[in-house]
Visitor: 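Have a look at this one.
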Amino acid sequence: MTEQDGAPQSDFIREIIENDLKTGKHGGIATRFPPEPNGYLHIGHAKSVCLNFGIAAQYNGTCNLRMDDTDPAGESLEFVESIQNDIRWLGFDWEDRLFFASDYFEQLYQFAVTLIKKGKAYVCDLNADEIRTYRGTLTEPGKNSPHRDRPVEENIDLFARMRAGEFEDGTHVLRAKIDMASPNITLRDPVVYRIKRSGHYRIGDGWVIYPMYDFAHCLSDSIEKITHSICTLEFENNRPLYDWFVNELIEGPRPRQIEFARLNLSYTMLSKRRLIELVEGRLVGGWDDPRMPTVAGMRRRGYTPEAIREFCARIGVAKNDNLVDIALLEHCVRDDLNERAPRAMAVLRPLKVIIDNYPEEQVEEIDCPIHPQKPEMGTRKVPFSRIIYIENDDFMENPPKKYKRLGPGREVRLRNSYVIRLDSTKKNESTGEVMELHCTYDPDTRNAAPSDGRKVEGVIHWVSAEHAIPATVRLYDRLFKVADPAGADAEFATLLNPESLETIHGCYVESSLASAQPEDRYQFERLGYFCADRKDTSPARPVFNRIVSLRDSWAKIAK
RNA sequence: UGGGAGAUCGUUCAACGGCAGGACAACGGACUCUGACUCCGUGAAUCGAGGUUCAAAUCCUCGUCUCCCAGCCA
């Protein structure tokens, strides 16, 4: 991990914080991660989680988890729970500081009353369309609402009656009285409270009025004594409003909003709306589909929290719009798994090999290293016998020049065991397809080079036909065909990669994998990293997800 | 179009007036019982035009391009 083996992380936000610490502006640092519980967390949220919790840890501060549940539409307990699971899984801890904006509703209401009393807010009877019209445009100033100058007492009364449920949805709103001519549209008397009778997942029908983000967020930060309120770039326009509310209503130290660029990842889509579409449109299997860029999806795919954290550290934090190459994420995953994943052999597309000169009943238990570079990880027993399966594409009838594997008359090393030579093939008479390979083995080559000094370059993996365990393997590829699906103007369903999932039945894995538990990760040698699916795998029918392939320089040569 | 923000190798992040650097990607090679890993090496950038300065990616001026804002979403 970056935090462990190198310099502490640094970026423009940490510079601001260090400066604030140095000048004594704050005694301690308090951040928060404020998701709205209306969807699952994705890798973009992970960036923010790592930033907020990472900063708290680095500067000995705290990071709160706050559900920003101010709009009941779409919010649910399922999401509250998934968010907590995902953050914990990523390796962060909010201790006893789980908060809900909805718990602040009474305080927020009182803040609103204070605003009214200061003459800085009013109840407006305009409907949504009228408010939009009155707001003006980017180039033209807005017009004042006819209700803008209502007396304070009337506003207080009306606002109380809004709360009491006397008005229909959409008939009244509370607005801040700022400046209808502001070049910053955010400041043109923004709506502060609206009436919504949809029912809230936590508080039921207790409230029929709900505060807007701009009002609730900055005040929630203030209530929690957040020092640095870190959010994404699209809130830059809202910062003056953030400061306006805080300045009107909060005494003493105030939180400071800082914006950074959200993550964009090539070949994926990170907008919550799009992810909801994928899930609800059944374009994927669910929020935790291994192709999804959600934390739950990546977990199910087999990504490690360490790899995700490392990725978040490496992409950095800045204010530039970006499109990070997904190859970097894959690199982080390989880098982590290469260190820790036990090795195993699995054959995805089996081709039967009969070793004619190997004794019929003989079985050898071969000790294979669990990790060739880490002898301390020990060994595992892998049975070897006369009939084995090898990978179908480790044989070619007419191999090209640089091909190192099996072909007629060629020799190849069976990983961790003998050198074999291909003598003949048996074909399906009607299709011409090669069904069986007949080989002879060189008994002197187990754990040894051929005694006559001949070089055997190719090494292939295998499993013993009699001992191997049937398994299902799912191969995953990028969900989208194009690098920047969010930027493409095509219908987004047409951008999906039809080959993002390939399920292969009839695979064989070595017998030691009988004990594989859900979420166990392995390197299937020469193939990639695989993870026993946390939901679908069973001892009777193991199911492995390909997390990421190994780098494949042969694929480039072959092209 | 008003306002806000941003432009540095293919991508991403640095360089805070003093030799433009790292990572990923790419390419070449070495090693190899994983065509993996590792190691060595190569190519690759300051949006443009002026100005200030001994010295500019950095400061100034004028342009250009990109992103965000006209939800009773966040």
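Letters A, B, ... are given to chains in the order of the sequence lines, protein chains preceding strands, and every chain is numbered from 1.
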Visitor: How close or far is atom P of B:G3 from atom CH2 of A:W244, stated in whole angstroms?
Guide: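 Result: 23 Å.
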
Visitor: Tell me whether A:R405 contacts the main-chain N or O of A:D393 through its side chain, where contact means a donor paired with an acceptor under 3.5 Å.
Guide: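 Present.
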
Visitor: Reading RNA chain B from 5' onward, which residue's closest nucleotide shows up sooner: A:V317 or A:I557?
Guide: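 Between the two, 5'-proximity favours A:V317.
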
Visitor: Parallel, tilted or perpendicular, judged at 30° and 60°: which one describes the rings of A:F544 and A:F524?
Guide: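 Because their plane-to-plane angle is over 60°, the rings of A:F544 and A:F524 count as perpendicular.
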
Visitor: Sticking with atom C1', work out how far B:A70 lies from B:C16, rounded to a whole angstrom.
Guide: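 Comparing C1' positions in B:A70 and B:C16 gives a spacing of 37 Å.
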
Visitor: Any chance the rings of A:Y522 and A:F530 have centres within less than 6.0 Å?
Guide: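 Not under 6.0 Å, so no.
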
Visitor: Name the orientation of the base relative to the sugar in B:G71: syn if the glycosidic angle is within 90° of 0, else anti.
Guide: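 The base of B:G71 is oriented syn (glycosidic angle within 90° of 0).
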
Visitor: Measure from CZ on A:R413 to P on B:U32 and round the result to the nearest Å.
Guide: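 Answer to the nearest Å: 14 Å.
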
Visitor: Could you identify which residues of residues 454-463 of chain A place a heavy atom less than 4.0 Å from some atom of RNA chain B, listed by residue number, or say none?
Guide: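 Going residue by residue through residues 454-463 of chain A, the ones with a heavy atom under 4.0 Å of RNA chain B turn out to be A:V459.
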
Visitor: Any chance you could encode RNA chain B as dot-bracket? Rule is Watson-Crick or G-U wobble with both distances under 3.5 Å; [ ] for pairs crossing earlier ones, | for another strand.
Guide: .((((((..((((....[..)))).(((((.......)))))....(((((..]....))))))))))).....

Visitor: Figure out the CD/C1' separation between A:E310 and B:C24, and round it to whole Å.
Guide: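 A:E310 atom CD is separated from B:C24 atom C1' by 12 Å.
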
Visitor: Show each protein N/O and nucleotides 39-47 of chain B N/O combination with a separation under 3.5 Å, one pair to a line.
Guide:
none

Visitor: Check A:L21, A:I17, A:T23 against A:N19 for a side-chain contact (heavy atoms from CB on, under 4.5 Å) and give me the one that passes.
Guide: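 That would be A:T23; it is the only one of A:L21, A:I17, A:T23 passing the side-chain contact (heavy atoms from CB on, under 4.5 Å) with A:N19.
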
Visitor: Let's see if you can work this out: which of B:G6, B:U34, B:A25 has an atom nearest to the side-chain heavy atoms of A:A327?
Guide: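 Nucleotide nearest to A:A327's side chain: B:A25.
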
Visitor: What is the distance from CG of A:L263 to C1' of B:C13, rounded to the nearest Å?
Guide: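 Distance check: A:L263 CG to B:C13 C1' gives 13 Å.
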
Visitor: Using a 4.0 Å heavy-atom cut-off to protein, can you give one letter per nucleotide of nucleotides 66-74 of chain B, 5' to 3': B if the base is in contact, S if only the sugar-phosphate is, - if neither?
Guide: -SBBBSBSB

Visitor: Just compare B:C13, B:A5, B:G35 and give me whichever is closest to any side-chain atom of A:N322.
Guide: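 The closest nucleotide is B:C13.
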
Visitor: Examine distances only and state if a side-chain atom of A:H461 and a backbone atom of A:V347 form a donor-acceptor pair shorter than 3.5 Å.
Guide: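 Looks like no, no N/O pair under 3.5 Å.
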
Visitor: Tell me what A:A448 touches on the nucleic acid: a base, only sugar-phosphate, or nothing, going by heavy atoms under 4.0 Å.
Guide: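 Answer is base: heavy atoms of A:A448 come under 4.0 Å of a base.
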
Visitor: Report the relative orientation of the aromatic rings in A:W462 and A:F384; use parallel for angles under 30°, tilted for 30 to 60°, perpendicular for over 60°.
Guide: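 Perpendicular: the ring planes of A:W462 and A:F384 meet at over 60°.
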
Visitor: When you measure from the side-chain N and O atoms of A:R551 to the phosphate of B:A26, is any distance below 4.0 Å, counting only OP1 and OP2?
Guide: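 For B:A26, OP1 or OP2 has a side-chain N or O of A:R551 closer than 4.0 Å.
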
Visitor: Hey, does A:Y242 have a side-chain heavy atom less than 4.5 Å from the side chain of A:D221?
Guide: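 Yes - at least one pair of side-chain heavy atoms lies under 4.5 Å apart.
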
Visitor: Name every donor-acceptor pair, under 3.5 Å, that has one atom in a side chain of residues 328-336 of chain A and the other anywhere in the protein, sequence neighbours excluded.
Guide:
{"residue": "A:R334", "atom": "NE", "partner": "A:S549", "partner atom": "O", "Å": "2.7"}
{"residue": "A:R334", "atom": "NH2", "partner": "A:S549", "partner atom": "O", "Å": "3.2"}
{"residue": "A:D336", "atom": "OD1", "partner": "A:R340", "partner atom": "NH1", "Å": "3.2"}
{"residue": "A:D336", "atom": "OD2", "partner": "A:T304", "partner atom": "OG1", "Å": "2.4"}
{"residue": "A:D336", "atom": "OD2", "partner": "A:R340", "partner atom": "NH1", "Å": "2.9"}

Visitor: Would you say the side-chain atoms of A:R150 pair up with the backbone N or O of A:V123, donor to acceptor, closer than 3.5 Å?
Guide: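 Indeed, once roles are kept as given, a pair shorter than 3.5 Å links the two residues.
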
Visitor: Classify the side chain of A:R314 and the base of B:U12 as holding, or not holding, a donor-acceptor pair under 3.5 Å.
Guide: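 A donor-acceptor contact between them is absent.
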
Visitor: Going by ring-ring contact (aromatic ring centres under 6.0 Å, His included), A:Y193 matches just one of A:F215, A:Y213, A:F105. Which one?
Guide: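 Of the listed options, the one satisfying the test is A:F215.
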
Visitor: Report yes or no: does A:E365 contribute a side-chain atom to a donor-acceptor pair with the main-chain N or O of A:K381 at less than 3.5 Å?
Guide: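 Checked: no pair found.
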
Visitor: Calculate the interatomic distance between A:Y267 atom OH and B:U11 atom C1'; express it in whole Å.
Guide: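 My rounded result for the distance is 12 Å.
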
Visitor: Taking A:N264 for its side chain and A:L270 for its backbone only, find out whether a donor-acceptor pair lies under 3.5 Å.
Guide: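 Side chain of A:N264 to backbone of A:L270: no pair is present.
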
Visitor: Is any side-chain nitrogen or oxygen of A:N320 closer than 4.0 Å to OP1 or OP2 of B:A7?
Guide: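 Yes.
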
Visitor: Where the side chain of A:K556 is concerned, which of B:C13, B:C27, B:U34 is the nearest nucleotide?
Guide: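 Ranking B:C13, B:C27, B:U34 by closest atom to the A:K556 side chain puts B:C27 first.
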
Visitor: What is the distance, to the nearest angstrom, from the CD1 atom on A:I326 to the P atom on B:A23?
Guide: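 One finds 22 Å between P of B:A23 and CD1 of A:I326, rounded.
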
Visitor: Counting distance alone, no hydrogens or angles: does the base of B:U34 have a donor or acceptor under 3.5 Å from a partner atom on the side chain of A:Q523?
Guide: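 When only heavy-atom distances are counted, A:Q523 does reach the base of B:U34 through a donor-acceptor pair under 3.5 Å.
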
Visitor: Measure from CZ on A:R526 to P on B:A36 and round the result to the nearest Å.
Guide: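 Rounded to the whole Å, the gap is 11 Å.
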
Visitor: Which is true for A:Y134 with a 4.0 Å heavy-atom rule: it touches a base, it touches only sugar-phosphate, or it touches nothing?
Guide: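 It contacts nothing in the nucleic acid.
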
Visitor: Using only heavy-atom distances, decide whether a donor-acceptor pair under 3.5 angstrom links the side-chain of A:R405 to the base of B:G35.
Guide: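 Indeed, a donor on one side and an acceptor on the other fall under 3.5 Å apart.
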
Visitor: Using a 3.5 Å distance criterion without hydrogens, assess whether the side chain of A:N392 forms a donor-acceptor pair with backbone atoms of A:L351.
Guide: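 No; zero donor-acceptor contacts below 3.5 Å.
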
Visitor: What nucleic acid atoms does A:E15 come within less than 4.0 Å of, heavy atoms only: base, sugar-phosphate, or nothing?
Guide: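 Here A:E15 touches the bases of the nucleic acid.
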
Visitor: For A:D325 and B:C9, give me the distance from atom CG to atom P, rounded to whole Å.
Guide: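 It works out to 15 Å between those atoms.
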
Visitor: Out of B:U12, B:A25, B:U34, which has the shortest distance to the side chain of A:H331?
Guide: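 Looking only at side-chain atoms, A:H331 lies closest to B:A25.
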
Visitor: Only one of A:K177, A:R135, A:R148 passes side chain to side chain donor-acceptor pair (under 3.5 Å) with A:D189; say which it is.
Guide: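 One option only clears the test, and that one is A:R148.
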
Visitor: Run the side-chain contact (heavy atoms from CB on, under 4.5 Å) test on A:I230 and A:I55 for me, step by step, so that the C-alpha distance in whole Å, both residues' side-chain angles and the decisive distance to 0.1 Å come before the verdict.
Guide: CA-CA 11 Å; A:I230 300 166; A:I55 283 173; 3.7 Å; yes

Visitor: Answer with base, sugar-phosphate or nothing: what part of the nucleic acid does A:R188 contact at a heavy-atom distance below 4.0 Å?
Guide: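 A:R188: no heavy atom of the nucleic acid under 4.0 Å.
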
Visitor: Excluding sequence neighbours, so at least two apart, what forms salt bridge (charged side-chain N to carboxylate O under 4.0 Å, His left out) with A:K143?
Guide: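 Here no residue qualifies.
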
Visitor: Mind checking the C1' distance from B:C19 to B:G35? Whole angstroms is fine.
Guide: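 Comparing C1' positions in B:C19 and B:G35 gives a spacing of 40 Å.
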
